[in-house]
Amino acid sequence: IQELYSQYVLQLALYESALAIYHCSGVHHELVSTIWQGIIEDAFDGNSIQTLYTKVLLIGKEYYPSEFAFPLGIVIDQLEMFTLTHCSNLSDKIQLWVLGTLIEVGVPLQDLFNEYCKLIENQQPTSPLQKDFWSEQNNQLHLITVLSSIISLSCSQLDHSTTNDNIYLSHKQRSYEMRMFEVCENVINLLQSKTEDKRTSSLIESFEKLKEKIIETKSQ
């Protein structure tokens with residue numbers, strides 16, 4: 001794989017071919033992060049994220065849930081970093097485009113919840129650059145904003161789901177509710193430790209309301 005990457009992928013920018021190789025070989029390769037960076041940079045036309053959205057959606061539909069070609073944590077990290085770096089003055093629509101695209105790909109909300117929590121907590125950063133990037137307050141607040149949407153959507157999904165007689169699935173749902181509630185409390189504490197401004201105050205209020213929503217969902 002290293003030889004193919006050096007001789008062909010880098011020189012000819014055959015990034016999607018590299019994903020196909022990783023997918024077929026079933027090998028976790030350290031270069032997959034670089035491959036995704038190349039895909040993202042090539043797909044972005046400099047004016048809007050539409051072409052990038054289309055590319056990610058197509059690749060996701062083809063490879064998800066392959067952990068070799070579509071490693072969720074890496075894909076989220078690369079897409080969110082790129083968006084924050086290249087799309088200034090994010091509107092609400094642009095701010096949530098990564099989340100919306102991955103939901104459209106078919107990624108379960110609970111998996112998205114877990115990955116965004118890891119980024120916010122800065123667990124297992126792929127590089128010192130990544131760790132520094134997500135430690136910066138505005139970038140971390142962006143992740144927290146996306147997480148609030150994930151929790152809100154999860155509560156609505158659980159709220160509209162029928163009562164499940166399967167003991168395992170029912171236990172799994174309750175565990176997810178408890179985990180969301182715990183994360184809401186942790187995020188509120190994190191936000192309260194930061195310099196107070198309009199954005200942090202608004203997020204604290206949002207997560208307080210999410211806690212109430214989770215309690216309502218649990219009581220049903």
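Cluster annotation: Ile39 and Leu58 are assigned to distinct hydrophobic clusters (Ile/Leu/Val/Met/Phe/Trp/Tyr, side-chain heavy-atom contacts under 4.5 Å, transitive). Linking ILVMFWY side-chain heavy atoms closer than 4.5 Å, directly or via other members, places Leu147 and Ile94 in a single hydrophobic cluster.
Leu102 places a side-chain heavy atom less than 4.5 Å from the side chain of Phe70. In this structure, the side chains of Arg199 and Thr145 come closer than 4.5 Å at one or more pairs of heavy atoms. Counting heavy atoms from C-beta on, the side chains of Ile120 and Leu190 come closer than 4.5 Å. Proximity of Lys211 to Ile188: side-chain heavy atoms (C-beta onward) are separated by under 4.5 Å at one or more points. Annotation: side chain of Glu16 is in contact with side chain of Lys55 (closest heavy-atom distance under 4.5 Å).
Thr54 contributes a side-chain N or O that, together with a main-chain N or O of Gln50, makes up a donor-acceptor pair within less than 3.5 Å. The main-chain N or O of Ser48 is found under 3.5 Å from a side-chain atom of Asp45 such that the two form a donor-acceptor pair. Lys213 places no side-chain N or O within donor-acceptor distance of the main-chain N or O of Ser156, the cut-off being under 3.5 Å.
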- For side chain to side chain contact (heavy atoms under 4.5 Å, CB included), just list the numbers for Leu112 and Ile76, CA-CA rounded to whole Å, side-chain angles, deciding distance to a tenth of an Å, and then say yes or no. CA-CA 9 Å; Leu112 292 167; Ile76 291 172; 4.0 Å; yes
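For Lys209, the NZ atom is loosely surrounded, since the number of other residues' heavy atoms within 6.0 Å does not exceed 12.
Ring pair Trp36/Tyr15: centre-to-centre distance not below 6.0 Å.
Salt bridge present: Lys118 and Glu115 bring a charged side-chain N and a carboxylate O closer than 4.0 Å.
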